[in-house]
Amino acid sequence: GAGVSQSPRYKVAKRGQDVALRCDPISGHVSLFWYQQALGQGPEFLTYFQNEAQLDKSGLPSDRFFAERPEGSVSTLKIQRTQQEDSAVYLCASSGYRGREQYFGPGTRLTVT
Amino acid sequence: SQKIEQNSEALNIQEGKTATLTCNYTNYSPAYLQWYRQDPGRGPVFLLLIRENEKEKRKERLKVTFDTTLKQSLFHITASQPADSATYLCAPLRLESYNTDKLIFGTGTRLQVFP
């Protein structure tokens with residue numbers, strides 16, 4: 001079966017532009033997570049959905065970051081007015097059960113110039 | 001705040017030897033601890049999960065230990081192969097009352113296995 005997919009794989013944005021990153025989780029997975037990974041670091045949590053409900057957004061760095069999962073499947077992470085410090089790999093993960101392993105997508109590498 | 005420490009320097013070992021990676025955590029008590037492997041340009045891949053009431057878990061050439069007193073997990077790869085070269089991430093997990101399963105990762109340890 002298909003794993004977690006993300007698009008685009010690479011995105012270059014000019015400072016100040018808005019971007020939208022898409023995540024298609026594994027079918028039937030209730031939990032969906034977004035992480036941000038800087039070069040040489042481990043992934044850092046951004047936000048968590050259980051079905052369509054966003055239960056934890058404590059990791060979103062500013063109000064420029066917004067995530068949604070309106071129908072409990074596909075999710076979009078939107079970054080408004082991008083800044084250079086937003087440059088990173090954005091990883092999406094899904095999980096079928098609480099406390100169990102997470103399945104990660106390949107990530108979207110965002111470069112803000 | 002919660003802190004997870006892994007060997008920041010790369011671990012270089014010869015093929016056939018056992019690689020041992022360390023994960024230390026402070027300021028919380030995880031119910032589970034997960035280990036992931038990450039190759040360059042790819043997302044992390046789940047390897048093993050160990051619960052707080054388990055001392056040791058094995059899967060093929062992999063072994064994980066979990067010492068809640070020392071607040072430490074050790075990850076062993078026996079008979080290591082060049083294909084084991086990757087970055088290994090640990091992620092202790094505490095199921096919070098507000099219903100989030102977010103993983104807090106260490107910085108990862110890069111393992112290089114030489115033939």
Hey, does the side chain of B:T65 reach the backbone of B:E56 with a donor-acceptor pair shorter than 3.5 angstrom?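 Between the backbone of B:E56 and the side chain of B:T65 there is no qualifying donor-acceptor contact (under 3.5 Å).
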Between B:R37 (side chain) and B:F46 (backbone), is there a donor-acceptor pair under 3.5 Å?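 Checked: no pair found.
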Contacting region of [X] [heavy-atom separation from chain A under 4.5 Å]:
X      : value
B:L89  : side chain
B:R110 : neither
B:Q38  : side chain

Can you tell which part of [X] gets under 4.5 Å to a heavy atom of chain B, answering side chain, backbone, both or neither?
X     : value
A:Q6  : neither
A:Y35 : side chain
A:R9  : side chain

From A:R81, A:R64, A:K14, residue fulfilling salt bridge (charged side-chain N to carboxylate O under 4.0 Å, His left out) relative to A:D86: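 Single salt bridge (charged side-chain N to carboxylate O under 4.0 Å, His left out) partner of A:D86 among A:R81, A:R64, A:K14: A:R64.
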What is the ring orientation for A:F104 with B:Y36, classed by angle as parallel under 30°, tilted 30 to 60°, or perpendicular over 60°?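 Answer is perpendicular, since the angle exceeds 60°.
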Distance-only polar pair, side chains of A:H29 and A:S95, donor-acceptor under 3.5 Å: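 Per modelled atom types, A:H29 and A:S95 side chains form no pair under 3.5 Å.
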Heavy-atom pairs under 4.5 Å with chain A, option from B:P44, B:G106, B:G41 with the top count: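 Most pairs with chain A among the choices: B:P44.
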Heavy-atom pair with the smallest gap, counting every atom of A:L32 and A:C23: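 Taking A:L32 first and A:C23 second, the nearest heavy atoms are CD1-SG, 4.0 Å.
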